[in-house]
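Comments concern the structure below.
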Amino acid sequence: MPDHMPQSPEKREFIAKSKQFWNPAKTQAWQDMGVDLVIDRREGYLLWDMDGRRLIDLHLNGGTYNIGHRHPELIEVLNRGMQRFDMGNHHFPNQGRTALAEMLARICGGDMHYTMYASGGAEAIDIALKTARNATQRRKIVSIINAYHGHTGLAVAAGADRFKKIFLSDQPEDFVHVPFNDLNAMEDALKGRDVACLIMETIPATYGFPMPLPGYLAEVKKLCERYGALYVADEVQTGLMRCGEMWGYQRYGIQPDIMVTGKGISGGMYPIACVVAREPYAGWLKQDGFAHMSTMGGAELGCLVAMKVLEILERPTMRPMVNYIAETFRNGLHEIMKLYPDFFVGIRQCGLVMGLEFDYPEGAKPVMKHLYENGVWAIFSTLDPRVLQFKPGVLMTADLCAEVLERVERAVGLAHAECMERGRHKTRAA
Ligand SMILES: Cc1ncc(COP(=O)(O)O)c(C=O)c1O
């Protein structure tokens, strides 16, 4: 670690234990990248490392902390809920689950009607894909190259090779991958009329938030309709007002057949993820309601939290607030970009879903490190490490936005200097 960030003996010992008992390679990878974060206290959009360092959270664990860490209204709902409920028994109708399903049907509108529950995003993706297979009686699933939908059986099969090969799961039949923003490739994949569904994130997060070209998503939806494939929208990162509408797909004027929401719907307080399907495509629920079961899926306490999250996000102040934060960062980051035009080369943005592009191999990693040293936690994109995921929360105050921009300016300057220096070394060595 850098000299100016000494670790306490307690932290050193803790990190050693994490390598010993938890996850050696992951723990070491963070040390190697200059991020020795061990998150301790958390409040709103602030984190405190176990050595007491304060960080502004712009990672939000993929939007899990969209409305902040430990939102007081969620704490209150959970505390109250625990006086009466626990996870519930997943075999029976229960109040929380049905009430949340009714709320989601209202919020999603149209004939988006039934909600199926999971304890996390990947499990929800599996349910969505199984639902599409049941509805179409087809097996094939199309997804985007370098997609990321989580790590369960079907979800990982729909994603990038990196996470499949290690578990010898890289040759599942019936999974086809096409490049993002390529309509010809999409049509080729669908035109055999043997595809159950296309699954895609509205804006692929782990691939660095490349923006859909104008009209792309609407055309993809039309192709799905033409060839009888369902459109499954993975809204795990783009939903819940992060794009300025409740669901990211609304920004692009499309209506999916099945939608998955996770992460932020839990408020980061009680694990839950949901699949919402149009009425005609949720046939298995009528055929055999026991066909998919999950003891912790739709835990009743999670349902109570999710309803409060949705209620907060539906408040009339929310949309203007998101627009304000989005504009503040758009303007501020463009100013910073002008200072380092040979390094900070692009801003991808849809509301608060943002990717900052750096013209340097794995350029987002040094930026991440310098941000970390300067009190901001934001993460590089795993499947395109030139791009830093920049994810402000929907309730960020004007003061905190200003503080972030100041710190980003400093960190980008330091990362720029470091990369230029490395470049000079390479030229000298050559
Ligand atoms: C877009 C997307 N879909 C699905 C998932 C899987 O969610 P979980 O980690 O809750 O299984 C993730 C997780 O990062 C995600 O980003």
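Indexing begins at 1, ligand by ligand and atom by atom, following the structure's order.
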How about His177 and Phe180: are their ring centres within less than 6.0 Å of each other? no
Please classify the His149 to ligand 1 contact at 4.0 Å (heavy-atom distances, strictly less than): side chain, backbone, both or neither. backbone
Is the distance between the ring centroids of Tyr252 and Tyr216 under 6.0 Å? no
Ligand-residue contact atoms, ligand 1 with Ala122, heavy atoms, under 4.0 Å: 6 (C), 7 (O), 8 (P), 11 (O)
Would you confirm whether the ring centroid of Phe163 sits within less than 6.0 angstrom of the ring centroid of His151? yes
So, the side chain of Asn66 versus the backbone of Leu240: is there a donor-acceptor pair under 3.5 Å, distance only? yes
Nearest to atom 16 (O) of ligand 1, what protein heavy atom do you find, and at what distance? Gln237 NE2, 3.0 Å
Evaluate the ring planes of Phe343 and Phe358, with Trp represented by its six-membered ring, and classify them as parallel (under 30°), tilted (30 to 60°) or perpendicular (over 60°). tilted
Determine whether any protein heavy atom is located less than 4.0 Å from atom 9 (O) of ligand 1. no
Are Lys391 and Gln237 linked by a side-chain donor-acceptor pair shorter than 3.5 Å? yes
Of the listed options Glu235, Lys263, Glu201, closest to atom 1 (C) of ligand 1 (non-hydrogen atoms): Glu201
Numbered atoms and elements of ligand 1 in range of Gly120, under 4.0 angstrom, heavy atoms: 10 (O)
Would you check whether His151 reaches within less than 4.0 Å of ligand 1, judged by its heavy atoms? no
Note: ligand 1 atoms sitting under 4.0 Å from heavy atoms of Gly121 are 6 (C), 7 (O), 8 (P), 10 (O), 11 (O)
Looking only at protein heavy atoms, which one is nearest to atom 2 (C) of ligand 1, and what is the separation? Asp234 OD2, 3.4 Å
closest protein heavy atom to atom 12 (C) of ligand 1 is Tyr148 CE2, 3.6 Å
Residue pair Ile141 / Cys197, side-chain heavy-atom distance below 4.5 Å: yes
